[in-house]
Protein chains: 2
Amino acid sequence: MQSRSTARKEASQALVVLEDFLPYRLNVLASLTSNALARIYAERFGLTIPGWRVIATLGQYDVRTARDIAAHGVMHKSTISRAVSSLEQQGLIVRHPNQDDRREELLALTPEGRGIYEALAPEALAFEERLVSILTRAEQDMLAGIVAKLSGHARSLAAEERKEA
Amino acid sequence: MQSRSTARKEASQALVVLEDFLPYRLNVLASLTSNALARIYAERFGLTIPGWRVIATLGQYDVRTARDIAAHGVMHKSTISRAVSSLEQQGLIVRHPNQDDRREELLALTPEGRGIYEALAPEALAFEERLVSILTRAEQDMLAGIVAKLSGHARSLAAEERKEA
DNA sequence: GCCAGTCCGTTGCGGCTGCAACGCATCCGC
DNA sequence: GCGGATGCGTTGCAGCCGCAACGGACTGGC
């Protein structure tokens, strides 16, 4: 990160300028977008973020286990477990034990669940579209690549640290 | 966002590919970096993320009120309030009422607090450095600009929505 | 001056989250 | 095939967060 100079330094020694610190800025940006989206999920569809993620994953892959969904994102299996039972109660998904391996349960959308998915997906895409609309197409592509690179790298850094500990 | 094609589509209709959905990816990336950093704060310095942010802000600006710190980031005033009392108990910051306006309290680092700031700041910067080291310098600059643009835009989108509601 | 409105920071509460322990099922080496 | 190791999903627990209500402090219009 360059350009550590945008903020006025009033302190004797500003060693880190928070506004220029990438992890901080990523978090701010992520929570801004997340909150705005969560608002849509909650107000119009009564969904939580984990709930939406489960539905989105099932909408995309038809049938998955809870474990797949957890591994797919960065969510704990307990989070998934609770989201799944809530969605089941709402009649949006069904689960039936895998007969080949009865430890795991296969999850799928009900027609109602798919209905919500089909209503919600365009809204989510529209939001994304509005969000990136201030970027040029080149910047959008650039961003996608950079985020992918960073995520991969962050994952391996985290793995390293976990090994050390 | 382009390139909606990296994931195999197994479902009948994959309306949203979660892996390519920007808000989702931003969140994943942000939590990866956040978790790795939180580990450093916690293990070596006994700090929480809000705690670190308060210290970083005070390290940068010397003296601020809780409200300033909250506005500065995307943190609730209750979060700040709790972080502040915890840090005070640990002897890392002091607060004294503003005599001109006794509703607010001015916060500042103690010598111990500044010591932690000075020890932690280089670690945080080193982490950031490791993180962005897979990017070219051009990409790093690009990213900084894009994140700034997106954050500003997201903020105004959120403000719009809040006005509508 | 006074009272309503606003602002700062605190706190009780409800909900969510991650962790760790658990029950149950499967797998593997003998 | 038996017993320990591993894996899937659930749940109790403790901590954290945001919300909303509050107390104390200021401000502005009358």
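Treat the numbers as computed from the prediction; the structure is a model and nothing was measured. Below, all heavy atoms of this structure are taken into account, side chains as well, without hydrogens, waters or symmetry copies.
DNA chain D is contacted by both B:Met75 and A:Val84; A:Val84 maps to the nucleotide lying nearer its 5′ end (nearest heavy atom per residue). Annotation: of the two residues near DNA chain C, A:Asp100 and A:His76, the 5′-most nearest-nucleotide partner is A:His76. Of the two residues contacting DNA chain D, namely A:Glu104 and A:Ser85, the nearest-nucleotide position lying further toward the 5' end is that of A:Glu104.
A close approach under 4.0 Å does occur between a side-chain nitrogen or oxygen of A:Ser81 and OP1 or OP2 of D:dT10. For B:Arg102 and D:dG24, the shortest distance from a side-chain N or O to OP1 or OP2 is not below 4.0 Å. Contact check, A:Thr79 against C:dG18: a side-chain N or O comes under 4.0 Å of OP1 or OP2.
For a distance-only test at 3.5 Å, the side chain of B:Arg95 fails to qualify as a donor-acceptor partner of the base of C:dG9. With hydrogens and angles left out, the side chain of B:Arg82 and the base of D:dG15 share no donor-acceptor pair within 3.5 Å. No N or O donor and acceptor, one from the side chain of B:Arg103 and one from the base of D:dC26, sit under 3.5 Å apart.
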Do A:Leu107 and A:Arg95 pass the side chain to side chain contact (heavy atoms under 4.5 Å, CB included) test, and can you show the C-alpha distance, the side-chain angles, and the key distance before you say yes or no?
-> CA-CA 5 Å; A:Leu107 307 173; A:Arg95 48 177 159 187; 3.4 Å; yes

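One interatomic measurement links the two molecules: CG of A:Leu107 to P of D:dT10, which rounds to 9 Å at whole-angstrom precision. Atoms CG (A:Leu47) and C1' (C:dC16) sit 16 Å apart, rounded to a whole Å. A straight line from CG of B:Asn35 to P of C:dG18 spans 9 Å, rounded to a whole angstrom. Atom CD1 of A:Ile80 is separated from atom P of D:dT11 by 15 Å (rounded to the nearest Å). Rounded to whole Å, the distance from CD on B:Glu105 to C1' on D:dG23 is 14 Å. Note: CD (B:Gln99) to C1' (D:dC26) measures 15 Å, nearest angstrom. To the nearest angstrom, C1' of D:dC17 lies 13 Å from CD1 of A:Ile49. If you measure from atom NE2 of A:His96 to atom P of D:dG9, you get 13 Å, rounded to the nearest angstrom.
Look at B:Glu123 and B:Arg44 and you find a salt bridge, because one of the NZ, NE, NH1 or NH2 atoms lies within 4.0 Å of a carboxylate O, short of that distance. Between A:Glu19 and A:Arg25 no salt bridge is recorded (no basic side-chain N to carboxylate O distance below 4.0 Å).
In this structure, A:Tyr117 and A:Trp52 have parallel ring planes: the angle between them is below the 30° cut-off, well short of the 60° mark. Classification of the B:Tyr24-A:His72 ring pair by plane angle, with boundaries at 30° and 60°, yields parallel.
Checking D:dC19, C:dC8, D:dG9 against every side-chain atom of A:Thr65, the shortest atom distance belongs to D:dG9. Closest contact between the side chain of A:Asp101 and the listed nucleotides D:dT10, C:dT26, C:dG9 involves C:dT26.
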